[in-house]
Every structure is written in C-alpha cells, then in structure tokens.
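Worksheet for the structure shown next.
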Amino acid sequence: MSYNFKQIEAKWQKYWAENQTFKASNKSDKEKFYVLDMFPYPSGAGLHVGHPLGYIASDIVARYKRHQGFNVLHPQGYDSFGLPAEQYAIQTGQHPAITTKTNIKRYREQLDKIGFSFDWSREVRTSDPNYYKWTQWIFIQLFESWYDAAEGKAKPIADLVELFNSEGNSQVKAACDEDVTEFSAEDWKAFSEKEQQEILLKYRLTYLAETEVNWCPQLGTVLANDEIVNGVSERGGYPVVRKKMKQWSMRISAYAERLLQGLNDIDWTESLKESQRNWIGKSVGASVTFKVNDHQDTIEVFTTRPDTIFGVTFMTLAPEHELVSKITTPEQKEAVEAYIEATAKRSERERMADVKTISGVFTGAYAEHPFTKEPVPIWIGDYVLASYGTGAVMAVPCGDQRDYDFAKHFNIPIKNIFKDVDISEEAYSEKDDTKLTNSDFLNDLPYKKALKRAIFELEKIGQGKGKTNYRLRDAVFSRQRYWGEPFPVYYVNGMPKMIDEKYLPLQLPEVEKYLPTEEGEPPLGRADVWAWDSEKNEVVSNNLIDDKTVFPLELNTMPGWAGSSWYFFRYMEDEKRDEVFASVEAMKYWENVDLYLGGSEHATGHLLYARFWTKFLKDRGLVPVEEPFKKLINQGMILGESAFVYRIDFQFESKNNIPKEDILNIEKTENFIFRELNDPNLFLSKTFKEEFEKSGLATIDAINNFLDNKIDFIKNELAKNSIKIDLNIHSNLTPIHAAVSLVNTSNELDTDGFKNWRPEFKDAKFITNEDDKYIVGREVEKMSKSKFNVVNPDDICNEYGADTLRMYEMFLGPLEQAKPWNTAGITGVYNFLKKLWKLYHNGEEFSVSEEAASKDSLKTLHKTIKKVTEDIEEFSFNTSVSTFMICVNELAAQKCNSREILESLAVLISPYAPHIAEELWSKLGHSESIATADFPKFEEKHLVESTKTYPISFNGKMRFTLDLSLDLSKDEIEKIVMEDERTQKQLNGREPKKVIIVPGKIVNIVG
RNA sequence: GCUCGGGUGGUGGAAUUGGUAGACACGUUGGACUUAAAAUCCAAUGAACAUUAGUUCGUACGGGUUCAAGUCCCGUCCCGAGUACCA
C-alpha cells in the first residue's frame, strides 16, 4: 500500500473535527499552555503559502505540548473589521458583512486543509456584535477611568470627582491634557454640570479632544502614527496631511513608563523590544522656562543637556509654535510669514527627504537667559518639530550639531563652554568627563555633576525642573469609516455620554452607501436610524432628534486595533458567556499567552496597544495579568519570486532642427525625440538582458536588426518630405510581471500562455535564447496578487499533501528569517515522507516486527529524540526536519521495522506531520488519536559510546581519523597516534614540537 | 546618521562551551530498471592541480589572540530590517 496522502489527510481531518480532538478544557489538572497566532484579516485573496508559516510553527508547539502532557489552548479567529471589505463595498455595494463572511469561509477551508489543531469552538470574529459588545464595553471602562500618576494606576473616574469635591485639583497628580487649569473644591462645586464634564474629559483615559491628526484625504479618514510609513499611509501609500479635528483619543501616554519597564519582564526578541523602546522614546532631562523680553509670555523648552545652558546663544521655535505670531517684531513679520507659508507648503515627505538644507528666520524677539540675563535671539526653523517636546529648543551650538550648523549658516555666535575642546569644525556632543568653562557655577564640573547642579539651580530660581519626556503620543481612536465598531456614545448638548452597558451591543446601522456624506461626515452620517432614545434606551430614527430624550449618536467608528487589543482574553472563555468578556475562573486558569506568533510589522501597533489595554484592565481589576504575551516570536515573511519579461522601449533622438509637423510622435521641438514606446511586439529574455545592459545594443543581432528597421522606417518617412536626419537611439527596458504559474523550474516562460494571459501582448515577439527558450528575470518581492507571484497552499496540498507542505515550510530555513518561496525543493520532503511510510510497510503490506530493536536502531531513535526535543524548545524547526530525514535514512539502512522504534517515531513526528502519524499510529493498533500519546523520553544510555573517531590534526589541519577507546589516557592516546604510520608520514622524519590531546575531542600535533 | 540583525558551495541552509567546515535537502552529472518516459534506486558533486595515493586554497575583506577560529578581539566593506532633524 503506497502513501496515499489525499485519503489519509481527509480521513484524519474529518476525525479531528468529529471528535473535537483539540478542544481545550477550562477544567483540567494538567498544566496549561496557551499558544496563539496573531489572528488574520480575512482578505478576499485568500491565504498564500506565506500565511501558514507561523501557524505551522505554533501548531507544532501546540501538538508537542499536548504530547508532553499539557492542557493546550490553541485557538484561532478573525480580525474581521477593516478597510478592504469596505472598499469593496464602496465599489460594488455589497455589504461588508457579506464579503467578510464569504472570505472567512474560504479561509477556514484553506486552514482546515493544512491540518491545524485549532480549538475552533472558541473562534472569535471582531465584527461579530457579540464580540464587539465587549470592545464597546472596554471603551466605556476607559472612559470611566483616569490615571493616578502618583500611584501609577488607573482608577474609577468617580474617585477623581470625589477628590475634586474635597480638595480641587491642585494636589492631584494625574495623566491629563496639558491645558487643565487649577481649581479649588469650591471652584469645582460652583462649575456647571457641563463645565465639570468638560474638565473630566481632560482626565479620562479615552477622551474627545481637538487634536492635530494625520488626515488621509484619499482614504477619507484619520490615521494613527503607526499606520503611517515614510510619510504616507500604510494602506495604499496615499499622502497624509496634518489637520485639526475633534477626535476620540486613547491616553496611552499615561502608560509610557510602564510599557517601557514591562519589556524587561517578557521574553521577546531584542529587536522587537528595541522597536518599542524607540517608539516610546524616553528621554531624561529638564524643562527650562525662558522669559520673552518685552512680553508676558514664556517659552518652555525640553533639553536633555541642561548642563550646557551657558552655551545657549539663540532659541529656535517650530514654525507652527503658537508664540511665533505673537512675538514677531513688525520688521520681521513679512519674512516670518513667508517662511511659515513656505514650510507649510512642503509635505512631510519633502521635509523628511531634505534633511540637509538649513533654513530659518529671525523673529526679531529676544528671550532672557535664565542665569546670565543676556538677551537670546529667538529664531524659527523647520528643524524643530512642533510635534516633539514643546516645539521649541534652547540652541547650544557648541554642543549640538544641528544647532551648530544653524548658527554657522546664519552667523550666530557660537560660545564654547567645553574646556580644552576645539569646536572650530563641529559641535562637541560627547557626554564624558570633559569639564565645563564659561559656565559660572558649572565651571570645572564634568557632565554628570553639571547636569544635577544645573537642574538644582533652575529649580531654585523657578525656571525649570527635571523632566522626563516621551515620544509616545496619545493614540487617535476615531476612524471616519463604516466597517468598524460603533462607539457606544451619544451627544447631549455636544457632550459625550455613554450608553448604559446593559444595552450593548450598539449595532452598526444600515446605510445605503458606504461613502462619507456630502457634508463630509463619516458614512454613519448616512444612517436614517441612528439616534439614541435615552429613555427607551434604544436606537431610533434620526427624525426623532427634536424629542427631549432623543440624541444623536457618534458617527465615527473605532480603528482596526480596537478588537485586536483584547481578543486573547476572549479565547479563554469556553462558554462565550454573554454577561462577561471572559470569566474570572477562565482568566485565572489561562493567565496569559505563553507563546505568541506573528509578523514583526505589528511591533509598534497591535503589540503596544494590546499591552496598554491589558495593563489598564489589570489596574481596574478586570484581568489578572500585567502583560498579555509572555514569549513572542516573529515569523519571517515568505516572499514570492516574481517573474519578469522585459519590454524594450526605444527613443530616437535627432539633433537636426526639423519642423514638428514633419515627423511622427514628436515630443520636443529643439532636439527631436521619436518615441516608439509601449511597443508590445518585442520582449527581451533574461539571458539577453544581462548582455544588453552590459554592452548596449550592438552585441545582439536581433536588436540591431530591429533598430535598423526602425531607423530606416523613420528615415523613409522623413525622406518623403525631403528631410535628412541623424538619429541617436536610447533604449529602455520595462520589466513586466509574468504570472509565476507560466514559468517552469528552469525559468522558461510558456510564451503562448503569456500571450493568452495578457491579450494586449497577443502579438508579442520574444527574443529567445539559443535553445529557443525565453528565460524570465527573477526578483524576490512580497507575495501579492498584483505581482502575480502568489503560490496557493491548496495547490501544494493537492499535489503533495498537507504534511509535505507543513514540513517543507519548516525546512525552508529558520522561522524568524525572511525567505523566498521556491517550490523546487519540495520533492525532497515529499520523498522523505514516502520513505517514512515504507519503514512501516513491507511492499504493499503494513508490517512491523515485535522483536527487540537493535542497538543501532535504539541509538538512532534516541539521538533523534534528543535533537528534536531540543529543537522544538528552541523553535529551530528546520533542523528538526533534517534530523527526521537522517533518522529515517539510518533506520532504512538498518532495515529496522521494530515496533519499539516505529511507535516512538510516529509520536516524534506527529507534531510536524500529524496526518501520516495518525494513520501509522492507528495501523500500529491504537484506537485513540495520537494527539495525546506520551512523547518519547530520551535515554542517555543508548548513546553511550566506548570509542571515539578522533580527528588527527597536524598544525590544526585534519589529516586522518583514528578510532580509539574512550578509556585511554592521554599518554596512551599519544603513544598510539605517534606509532601510526600515517603520523610518521605526515611528520616526514621531523620531531613534533608539541602534541595536544583533548580526550573525547581531538588530537593536534604541532610540528 | 543611529539601533538591531546578517554575509558559509550552483541554491535553501547545518555546524553545543573555539575542536573533523559544508549536515540535511534541492540542483547538476553518471549509472541501474524500462521499448520509452515518469517514478524509484545507486554513485559522484566546495575550488584548483594531480586524477593512483595526494597536495594547495577555501566561511565578505585586512589584521590579531590560540596548539586549534565560521565561532573570540580590532579595523574595513557590503546586504537586510527598524527608526529618524527626538532637542
């Protein structure tokens, strides 16, 4: 009986589903293990072979842990709110819920084919009202909380109200908006209800505020900082502009320090922690207040180098700084306004691309140095960013290169405050023991002491204090989209009110179109039934808003990361209870995720927000853990190998001064360029491409002919008008993607297939190689539909089976490394599984022997147990696959078919290739699934050796090997080695200077 | 620029504390079986010279430490990822 993977895989997939083999129990005496994948967004394109990589790795761990006797929670679900379904809805009118459902069905089919051991009974979908009910509920908890900075935790807002009632806000240390003013208990009580609510909003952990947001006009929505890459939107790559809008925000900045410190307690890769540390961007220094001469105003700056305060020779404000217009003198007004206008015009992108150019304008105003009282000119410059710190810097040109460059450029004096340091060429920014000079009370102090002293003196005169600054900004939480969680919020007199949690979920309303309204309101503005009756506690028609009890509902929806910030807690709940987001017992049992797998692209988005929400929920006593993910691994991306054909485009250029109308396709009147662009008739193959690029046109006859013809043609056309012409030729290769399915493993293109596939090229001429083959160009790119390089896991499953797919994906290389998909090597793994199958069969018959295994076979087995166990613990899955291959090769050579060995081997391999393992297990006579069979125990005794094959080296170079007993002493070894004739031959009569012997390792003879 | 990874055959990749570089596979070549092909099996496969033993060179490059370096140290170059006028 041969290895029929199709039948085997279908059989066991059905068995697992029917027997709920992988359903996790919340009541178990076993130790728990929670292994989780980042849940996918179910896109319309379906899964490609890159998606399952992480799922396969986590599935191996999950299955391995079950064999080890753990109670394993290994769930899966869908992050099913999001843009693509909405874009599709805009184009086609199909409700995103339908698109999403269809896509999920397809995902599930694809996932099921790969044989994952997911507990599907716990599936979540973020777009399911029963799920987003709790997303809304958590939002309400955030709204009803404030952050007590003194205690470092979130508390109910009612506690804050109590504090305000008894003592006002002057003693309250809280994370809040910067513009809160002080008030006493009496003031508080005198405020109107609305005034009180406005103040409380500045303290809530989610708040509504007029903030500068990233607006993406093409997407019609705001974006969070982590949704912008290189100044353009992550999705679509559209430009983003800064805009002031009233939006919901999350006060994540309150948690900056805890998010930073928490990194020390979790087992994540250093690079990932580093990304989060950068994103949080803690810097310790001081805030310093400068008085503005002839004004009441002060300028606050943040600096990490208060010790260099005596080196300040000017200040720079961001062009957007609010004081600029106030303090600019009439003489400078024109120049300043022109500069502001010029910088505003430049996009983020341009500003980022152009770091070198130094620009700025003097405002005409001066500030007063806090100690010397000397006037300090105030400039504006775009190297100071409005969004970081206070948007203003004290410039110390001798100690900061940017200040230095700015000062040089505008001839501002540079004062040297570093003793015996030459600053004629560049600033001195080292933080070392260099002593200060020209610095009054800081003279002769090194960096560390000067830092402390400077802060002390600033505090004494009330013009500064030690301060820690974070780059992490509060996260904008509103999106002007349809397909997201509705906010459980309605507005009374413009003030937000929460819907009572009893009436959740607040379900998405129906709209007739998924676009913003004509007035520019979000899509929910189109809903007719989208008002809240605060008496009946239900959604009612907008027409009733004139009623006293009916109010408008929030029109924004929540961002994609809302639902993904807590889903790992929902999986813990086995009964999907309606009255809790997850039960206390369930959360106490499962605690947090032991192993989390996903892409590194979530380093500063999802992973930061999920940690933030978890910490908040912990503060409010709603979850028992401080960190959601104990260990995290990023699987590398599997890239596609795109195939390219190269279209040749030519430009013919003439130096003659010929009237335009005489020539075809003329683009310029001075030097004429004839364009023969987009000629669909000529493609250059890859083998020619390299030559072509190297030596130009002349080397290839085919191209020469082509060119000659073209030139003749043009000359003839012109000759008709009696014009003579000199032609120059420019050529250009345009790469065009070819579908990878049209290319074989030798990179040969099916040219007829290509012509059928892209009818616009149906007349294409291919310049082929000597064998009349067209060789495509290859390039490694991200897998995507638009690049025609997607490889579908279903196809691999059909051709080779899921077990082969699983093992091959692991075999490709280290999990965390990015690697291109190349189907070429898959036969190696497929052959391996066939060999494995053969071990258990004699011809067509299943056949194992009941006799005791040979010593060699036991050694092979236990070697394998040891290595595979270590590999799984270290997530080194690729080397495990090699180990299995070696094992099977050895057992086959030994002609081993002993039950004792083959039973253990089936269990060993079952995490990797579960279908074949189950089949062999049942053939071995077991009626239960292999899933919880005990993992074989490694026994050292089988590996104990009496001899060692010693490498005998001369001057470090191995020349031959020698089998020697391990019992021998150093002297005995030396004697045997020196007597060996090969040693004598190597020495060629010389006396060895030294003989190094490391028993059990090596012999090295130094001659 | 900064931070973190990385650089090993034709290819993907192995190599515990420094101790036989290239495991395992793919590919290639030759052979067996076959009318033939596919499948399967066997052998060879880092490079060069010699092809009988063998010799020399080889882990980006240049130095160093060591009996011994892919591995440790110093310097240089290149590639990838993240981040960026962060005061």
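Lettering follows sequence order; numbering is per chain, from 1.
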Regarding A:Lys859 and A:Glu890, does a basic nitrogen lie under 4.0 Å from an acidic carboxylate oxygen? no
Discussion item. I'd like to know if A:Glu870 pairs up with A:Lys867 as an ion pair, taking the criterion as any Lys NZ or Arg NE/NH1/NH2 lying under 4.0 Å from an Asp or Glu carboxylate oxygen.
Written reply: no
Rounded distance (Å) that lies between atom [atom2] of [N] and atom [atom1] of [X]:
| X | N | atom1 | atom2 | value |
| --- | --- | --- | --- | --- |
| A:Tyr388 | B:A84 | OH | C1' | 12 Å |
| A:Arg277 | B:C2 | CZ | C1' | 16 Å |
| A:Ile638 | B:G13 | CD1 | C1' | 14 Å |
| A:Leu317 | B:A87 | CG | C1' | 13 Å |

Side chain of [X], heavy atoms from C-beta onward: which of [options] has the nearest atom to it?
| X | options | answer |
| --- | --- | --- |
| A:Ser283 | B:A87, B:U40, B:A25 | B:A87 |
| A:Thr304 | B:A87, B:U17, B:U20 | B:A87 |
| A:Asn1004 | B:A68, B:C4, B:G13 | B:A68 |
| A:Asp382 | B:C86, B:C85, B:G19 | B:C85 |

*Count the heavy atoms belonging to other residues, nucleotides or ligands that lie under 6.0 Å from CD of A:Glu945, then report whether that count exceeds 12.*
yes
(message) Other residues, nucleotides and ligands only: do more than 12 of their heavy atoms fall within 6.0 Å of CG on A:Asn842?
(response) no
Phosphate oxygens OP1/OP2 of [N]: is one of them under 4.0 Å from a side-chain N or O of [X]?
| X | N | answer |
| --- | --- | --- |
| A:Lys994 | B:C67 | yes |
| A:Asn831 | B:A25 | no |
| A:Asn878 | B:A14 | yes |
| A:Gln401 | B:G1 | no |
| A:Arg402 | B:C86 | yes |
| A:Lys957 | B:U20 | no |
| A:Arg959 | B:G54 | no |

May I ask you to say what [X] touches in the nucleic acid, namely base, sugar-phosphate or nothing, with a heavy-atom cut-off under 4.0 Å?
| X | value |
| --- | --- |
| A:Lys834 | sugar-phosphate |
| A:Val998 | base |
| A:Pro814 | sugar-phosphate |
| A:Phe811 | base |
| A:Asn278 | nothing |

- Query: Does the side chain of A:Met783 come within less than 4.5 Å of A:Val49's, by heavy atoms?
  - Reply: yes
Answer yes or no: is there a side-chain heavy-atom contact under 4.5 Å between A:Thr308 and A:Asp400? no
The correct set of residues in residues 882-893 of chain A placing a heavy atom under 4.0 Å from RNA chain B is A:Ser882, A:Met885, A:Ile886, A:Asn889
Base orientation of B:G82, chi within 90° of 0 counted as syn, else anti, reads anti
- Query: With rounding to whole Å, what would you report as the distance between B:A25 and B:U3 at their P atoms?
  - Reply: 42 Å
